[in-house]
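Start at 1 with the first residue, then count along the sequence.
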Amino acid sequence: MKAVLTDGKTMRHYADSSQQRNGQAWFLPDESRLWVALICPAVKICRLGTHIAPKFAGRYYDSLAAACIFLPADKAYDPLRADERFFLMDAAYCVGDFLPVGEYDRVHRISVGDGTMEFSAAQYEVDSKVSELSEFSTLKMGDLLIFVSDAIAVDLAENDRLEVTIDDSPSVILKIK
């Protein structure tokens, strides 16, 4: 399974071992004193495909989750330009439980603490991003496309509990250690 981060213009790939399991504790790395979780929408690929035309791309993803991208606070302002080591480190990101995407223009509400963002496949141009990604990489079931352009930044501290919901349903629950 691959996970690709995009801001709409640029794409970055995470290492296969970089995913943190939802529900488990996330340990603050010693490298930096201040860490941030960027809360972003993520769609999951549900079919094998390559060179997918945009008009057919909607058939290749079916579910939405909240993703948490973990970065030092000084790197969070531009996550796609962060050092490569943050894309290779273990537990670099966590993806929550998935919900159906629904209609192309259906708006989902992703919430964490006081922060809220809205997601729709139309707003984030998911079809064109899936098509673009399929031009240089074969899409496989379970691959993730994570959108960071409107991410909510959440400061992390030891003993915090990070809870993210989508449409009032729990998606990500992590204890910070």
Side-chain angles (χ1 to χ4, degrees), residues 1-22 24 26 29 35-72 75-102 104 106 108 110 112 117-154 162 164 166 171-172 174:
M1 175 188 83
K2 64 181 150 289
V4 177
L5 212 64
T6 184
D7 63 0
K9 301 174 207 111
T10 307
M11 293 187 182
R12 292 282 302 264
H13 180 260
Y14 274 111
D16 290 346
S17 64
S18 295
Q19 188 171 357
Q20 163 77 23
R21 285 180 182 251
N22 187 21
Q24 292 187 340
W26 187 76
W35 284 81
V36 170
L38 296 178
I39 311 304
C40 320
V43 296
K44 183 167 60 171
I45 302 299
C46 62
R47 304 172 66 162
L48 180 70
T50 187
H51 302 290
I52 302 164
K55 68 180 182 180
F56 299 120
R59 300 176 185 176
Y60 288 83
Y61 61 93
D62 62 357
S63 42
L64 166 70
C68 301
I69 309 300
F70 303 111
L71 288 168
K75 307 290 184 194
Y77 64 91
D78 195 359
L80 292 170
R81 310 281 181 286
D83 301 341
E84 188 67 26
R85 62 191 164 150
F86 297 113
F87 290 86
L88 298 173
M89 75 178 195
D90 290 340
Y93 72 99
C94 176
V95 177
D97 297 334
F98 285 89
L99 298 171
V101 170
Y104 186 68
R106 178 171 178 220
H108 298 274
I110 300 173
V112 57
M117 68 184 300
E118 292 184 343
F119 171 87
S120 74
Q123 171 191 1
Y124 281 81
E125 299 176 345
V126 176
D127 288 1
S128 67
K129 295 303 159 206
V130 167
S131 176
E132 181 182 335
L133 181 58
S134 76
E135 290 302 313
F136 61 88
S137 179
T138 299
L139 301 180
K140 298 178 183 168
M141 290 177 59
D143 287 351
L144 301 171
L145 189 53
I146 303 170
F147 297 88
V148 298
S149 54
D150 296 323
I152 301 169
V154 177
L162 182 63
V164 184
I166 299 177
S171 182
V172 176
L174 291 174

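Closest of all the heavy-atom pairs between Q20 and A91 is OE1-CB, 3.2 Å. The minimum heavy-atom distance between F87 and A82, with the atom names listed, is CE1-O, 3.8 Å. The shortest non-hydrogen separation linking F98 to A42 is CE2-O, 4.2 Å. Residue E125 comes nearest to Y104 through the heavy atom pair CA-OH, 4.2 Å, listed as atom of the first residue, atom of the second, then distance. Of all the heavy atoms in N22 and G96, the pair that sits closest is ND2-CA, 3.6 Å. Closest heavy-atom contact between A65 and V95: CB-CG1, 3.8 Å.
No side-chain donor-acceptor contact under 3.5 Å links D127 and Y60. No donor-acceptor contact under 3.5 angstrom links the side chains of E118 and H108, judged on distance only.
Heavy atoms from other residues, nucleotides or ligands lying under 6.0 Å from CZ of R21 number 12 at most.
A ring pair (Phe, Tyr, Trp, His ring centres under 6.0 Å) with F70 is found for one member of W26, W35, Y14 and no other, namely W26.
A donor-acceptor pair is defined here as one N or O able to donate and one able to accept, closer than 3.5 Å; no such pair exists between the side chain of D143 and the backbone of M1. Although no hydrogens or angles enter the test, the distance criterion places no donor-acceptor pair under 3.5 Å between the side chain of R12 and the main chain of L5. Here the side chain of S137 pairs no donor or acceptor atom with the backbone of S134 at under 3.5 angstrom. Of the possible donor and acceptor atoms, one in the side chain of S171 sits under 3.5 Å from a partner among the backbone N and O of D97.
Looking at heavy atoms from C-beta onward, V4 lies out of side-chain contact with I146 at the 4.5 angstrom threshold. The shortest side-chain heavy-atom distance between P41 and L64 falls under the 4.5 Å cut-off. Within the 4.5 Å cutoff, the side chain of S131 has no heavy atoms near those of the H51 side chain. Side-chain contact between S120 and R106: absent, with no pair of heavy atoms (C-beta onward) separated by less than 4.5 Å. Side-chain contact between V36 and V154 is absent, with no heavy-atom pair separated by less than 4.5 Å.
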Quick one, L99 with I166, criterion side-chain contact (heavy atoms from CB on, under 4.5 Å). Give me CA distance, side-chain angles, the key distance, then yes/no. CA-CA 8 Å; L99 298 171; I166 299 177; 3.6 Å; yes
What's the verdict on side-chain contact (heavy atoms from CB on, under 4.5 Å) for V101 and Y61, showing C-alpha distance, side-chain angles and the deciding distance? CA-CA 8 Å; V101 170; Y61 61 93; 4.3 Å; yes
Could you go through L139 and L48, starting from their C-alpha distance and side-chain angles, then the distance that decides it, and tell me whether this counts as side-chain contact (heavy atoms from CB on, under 4.5 Å)? CA-CA 5 Å; L139 301 180; L48 180 70; over 6 Å; no
Could you walk me through whether L38 and L71 pass side-chain contact (heavy atoms from CB on, under 4.5 Å), step by step? CA-CA 8 Å; L38 296 178; L71 288 168; 4.1 Å; yes
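The structure places CE of M141 at 10.0 Å from CZ of R47, a figure rounded to the nearest 0.5 Å. If you take CG on D83 and CZ on R81, they are separated by 13.0 Å, rounding to the nearest 0.5 Å. Taking CD1 from I39 and CD1 from I110, the interatomic distance works out to 9.5 Å, rounded to the nearest 0.5 Å. Here the CD1-CD1 distance, from I52 to I45, works out to 7.0 Å after rounding to the nearest 0.5 Å. Taking CG of L144 as the start and SG of C40 as the end, the distance is 12.0 Å to the nearest 0.5 Å. The CD atom of Q19 sits 4.0 Å away from the OH atom of Y93 when rounded to the nearest 0.5 Å.
Electrostatic pairing of D7 and K9 does not count as a salt bridge here, judged by no charged N lying under 4.0 Å from a carboxylate O.
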